[in-house]
2 protein chains.
Amino acid sequence: MMSPRLVRPGTKSASQAESSLDLRALQRTPGFMLRLAQLKFFEGFYEEFAALGLTPATYAIFVVIRDNPGVPPSSLASLLRLRLPNLIKILNELESSGFIKRSRSKADRRAVELMLTPKGAKVIAEGARLTEPYNQKMLAPLSEAEQRTLLDLLNRLLPFEGKAS
Amino acid sequence: MMSPRLVRPGTKSASQAESSLDLRALQRTPGFMLRLAQLKFFEGFYEEFAALGLTPATYAIFVVIRDNPGVPPSSLASLLRLRLPNLIKILNELESSGFIKRSRSKADRRAVELMLTPKGAKVIAEGARLTEPYNQKMLAPLSEAEQRTLLDLLNRLLPFEGKAS
DNA sequence: TATTGTTATACTCTATAACTATA
DNA sequence: TATAGTTATAGAGTATAACAATA
């Protein structure tokens, strides 16, 4: 050991323990706080949905196809803010695993229509049952009214095509 | 061209135009909305701060070192939610570019103390002047009261060591 | 010629293992 | 033995370019 010091053992360093850092500037930085919040939600997601093999990306893909059967990959990509080639790679895996199927549009034979298979519908149905408890766990520090406010503010912040709920 | 149709030209597909998709489930999903919001802030950041060569990561690093001179890499990493090896790589670049300097702690010669050089201090000072207009631009759809509410809710959501403002 | 989907590929970000030096 | 920092490296996520089929 070294000479006696005023901070308790377990702190990182006498001069700059983590708990004594000045973080006020970052706490007032919305972009930084949004990043931390998103990391929290994604880490929690992997824990909660790991058993189903769902990732945040595949969860969102399943939900959009479920609610919009026949949606083309291009719409799905722009909606989820994924580049089309990156989405295609995921769709290839989901199709070869039997969760979705592709078919060619009769009206425009370039276009692809995406559908859930029964297997895919089953997975997202099971995932949907985990969604509420998961969201409640992540949002636990906020009251129900505050949770609604947060969601509303996020919706208003984003330039969505369709109007928010 | 094909036979007449009811939707206007320019829409993606007669059956599933983007603007007619049902997105309500995702809009009620906080993790998804947080991801979109964070993407918006990061894309806006790169546009606004590109001239200074700042990224969201280096901006945050500069701010924490500025407000906490001597902070060790390990504290910085856990604070910014970066893995230490990944932070070290960034610190190496920042040091060899002359923005920060490392020195060994006298009390514990394993520990490194990070400081801004005058060059680094100048960059973050210039960056700080862009911060308010940038945040206002990103948060424009919200009133000032709503902006404060959003920031407050995000702070309350996160298990911060130091108390929020 | 323009659009949809696809492949190939490169680049950034993130994660893990192992090493050095100091304690 | 444990800790702080560092290196090397692998993996995931994201980006652009180019091509095939269809309009």
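None of these values were measured; they are calculated from a predicted model. Note on naming: letters A, B, ... go to the chains in the order of the sequence lines (proteins, then strands), and numbering restarts at 1 for each one.
Between Ser74(B) and the phosphate of dT3(D), there is no side-chain N or O to OP1/OP2 separation shorter than 4.0 Å. OP1 or OP2 of dA21(C) has not a single side-chain nitrogen or oxygen of Arg104(B) nearer than 4.0 Å. One finds no side-chain N or O of Asn92(B) lying less than 4.0 angstrom from the OP1 or OP2 phosphate oxygen of dG5(D). Look at Arg83(B) and you'll find a side-chain N or O under 4.0 angstrom from OP1 or OP2 of dT16(C).
Separating the CZ atom of Phe42(B) from the C1' atom of dA15(D) is a distance of 17 Å, rounded to the nearest angstrom. Rounded to whole Å, the distance from CG on Leu91(A) to P on dT7(C) is 11 Å. Distance CZ (Phe45(A)) to C1' (dA12(D)): 16 Å, rounded to an integer number of Å. For Glu43(B) and dG13(D), the CD to C1' distance is 14 Å, given to the nearest whole Å. Remark: C1' of dT12(C) and CD1 of Ile90(B) are 11 Å apart, rounded to the nearest angstrom. The interatomic distance linking Leu114(A) (CG) with dG5(C) (P) rounds to 8 Å, in whole Å. For the pair Leu76(A) CG and dT6(C) C1', the computed distance is 15 Å after rounding to whole Å. If you measure from atom CD1 of Ile88(B) to atom C1' of dA8(D), you get 14 Å, rounded to the nearest angstrom.
Under the 3.5 Å distance criterion, the side-chain polar atoms of Gln38(A) are left unmatched by any main-chain donor or acceptor of Gln38(B). Although no hydrogens or angles enter the test, the distance criterion places a donor-acceptor pair under 3.5 Å between the side chain of Lys40(B) and the main chain of Leu157(A). When atom types are taken as modelled, the side chain of Arg66(A) and the backbone of Gly120(A) share no donor-acceptor pair closer than 3.5 angstrom. In this structure, the side chain of Arg102(B) does not engage the main chain of Glu113(B) through any donor-acceptor pair within 3.5 Å.
With dA4(D), dT4(C), dT6(D) as the candidates, the nucleotide lying closest to the side chain of Ala111(A) is dT4(C). Nearest to the side-chain atoms of Arg110(B) among the listed nucleotides dT3(D), dG5(C), dT3(C) stands dT3(D). Set against dA8(C), dT22(C), dT6(D), the side chain of Arg109(B) has dT22(C) as its closest nucleotide. Checking dT7(D), dT14(D), dT4(C) against the side-chain heavy atoms of Leu82(A) singles out dT14(D) as nearest. Among the nucleotides dT14(D), dT7(C), dG5(D), the one closest to any side-chain atom of Asn86(A) is dT14(D).
Where DNA chain C pairs in unbroken runs of 3 or more (Watson-Crick or G-U, both distances under 3.5 Å), the stems are C:1-23 with D:1-23.
Taking only distance into account, the side chain of Asp108(B) never meets the base of dA4(D) through a donor-acceptor pair shorter than 3.5 Å.
Between Leu84(A) and Thr55(B), the residue anchored nearer the 5' end of DNA chain C, judged by the nucleotide with its closest heavy atom, is Leu84(A). The residue among Lys106(A) and Lys89(B) whose nearest nucleotide of DNA chain D is located toward the 5' end is Lys89(B).
Here the closest non-hydrogen pair linking Pro73(B) and Val112(B) is CD-O, 3.5 Å. The two residues Val63(B) and Ala25(A) make their nearest non-hydrogen contact at CG1-CB, 3.6 Å.
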Take Lys89(B) and Glu93(B), measure what salt bridge (Lys or Arg N to Asp or Glu O under 4.0 Å) needs, and give me the verdict at the end. CA-CA 7 Å; Lys89(B) 219 181 327 183; Glu93(B) 291 162 10; over 6 Å; no
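Within 4.0 Å of Arg81(B), counting heavy atoms only, lies no atom of the nucleic acid at all.
Below 30°, between 30° and 60°, or above 60°: for Tyr46(A) and Phe42(A) the angle between ring planes is above 60°, a perpendicular geometry.
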